[in-house]
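Start at 1 and go down the list; that is how both ligands and their atoms are numbered. Along the sequence shown, the residues carry numbers beginning at 1. On a predicted model such as this, the values are computed, not experimentally measured, just so you know.
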Amino acid sequence: MECRLAEHAGFCFGVRRAMETVYKQIEENPETPIYTYGPIIHNDEVVKELLSKGVRAIEDDELDTLDGGIMIIRSHGVPKATEERIKSRGFKVVDATCPFVKKIHRTVEKAGAEGKNVIIIGSREHPEVQGIIGWCSTPFYVIEDISDVENIPFGKDSEIHLVSQTTYNLLKFKEIVDYIEKKGYYINVVNTICNATEERQSAAMELAKAADCMIVIGGKNSSNSRKLYDICSRECANTHFIQTLDDLHLELSKSVGLVGITAGASTPNNIIEEVQNYVRNEF
Ligand code: SF4
């Protein structure tokens, strides 16, 4: 029996980089209190492990109660004012904002300096979009879906700079941009979609097509892991969704030739390896 790990399983580049930043800070600053501004990733095991090493995830309202230290900004990024507030409270800011997200901050900031209005395609409440909004200095408007195009508050003669949340669906993005252009708005489009999610999903789908059994590792509350599970289940009826190795109760018949494994964006490598080793050694 063969056990194969899907390409792009687990952390994307930005999350891996943020995690590495935290571990580097722990190593280099054993005497300094280290915090992350919100949980570094949505994985309870990781947050617990970091806490055991003294790294605490804090919420905004705790800022005023702490006496400085190192504050790590997670891959989603934060508004400019938040960054300034953290600094003014005496923290050293270590910015682990994903470079792809940082690029969006820079482009909307520049657009603001040039007096252009900004449209952001994405989910209004998502921390990444909230962060982007916080780098806009001119009027901005968030489009969640195509129906919001009807309510664009800018004139057709104004210059509009348009960006997207990194995880927005590419087809929907193109559809919205086409519609805005058709309506006669003057937009400067920067496609800021990151393909990490799409790559992970299509690699999982390909593997699930060939596999006799598929294992998806991810947090129960992680929507991208659930999505991976849905995609794999459609291709392979024998698909299991687990958080850690403890949840895995596999019984494989002799006819199983290929077991595939994939993992959501916030699943650490050690959990993936543990599952992989177990399947390889036990079957
Ligand atoms: Fe990961 Fe892409 Fe988001 Fe960066 S922009 S954190 S690489 S999904």
(message) I need the nearest protein heavy-atom contact for atom 3 (Fe) of ligand 1: residue, atom name and distance, please.
(response) Thr166 OG1, 3.8 Å

(message) For Glu206 and Lys209: C-alpha separation, side-chain torsions, deciding distance, then whether salt bridge (Lys or Arg N to Asp or Glu O under 4.0 Å) applies.
(response) CA-CA 5 Å; Glu206 285 314 308; Lys209 273 182 192 163; 3.4 Å; yes

(message) For atom 4 (Fe) of ligand 1, what's the nearest protein heavy-atom neighbour? Residue, atom name and distance, please.
(response) Cys98 SG, 2.3 Å

(request) Tell me whether Cys194 has at least one N, O or S atom under 2.8 Å from atom 4 (Fe) of ligand 1. (result) no

(message) Name the residue from Glu109, Lys102, Lys103 that meets the side-chain hydrogen bond (donor to acceptor under 3.5 Å, both in side chains) definition with His105.
(response) Lys102

(message) Any non-hydrogen side-chain atom of Thr82 less than 4.5 Å from a side-chain atom of Gln130?
(response) no

(request) Please report which non-hydrogen protein atom sits nearest to atom 7 (S) of ligand 1, along with the residue it belongs to and the distance in Å to one decimal place. (result) Gly14 N, 3.4 Å

(message) Are the side chains of His161 and Thr138 in contact, using a 4.5 Å heavy-atom criterion?
(response) no

(request) List the closest protein heavy-atom neighbour of atom 1 (Fe) of ligand 1: residue, atom name, distance to the nearest 0.1 Å. (result) Cys12 SG, 2.3 Å

(request) Would you please classify the geometry between the Phe13 ring and the Phe100 ring as parallel, tilted or perpendicular, with 30° and 60° separating the classes? (result) tilted

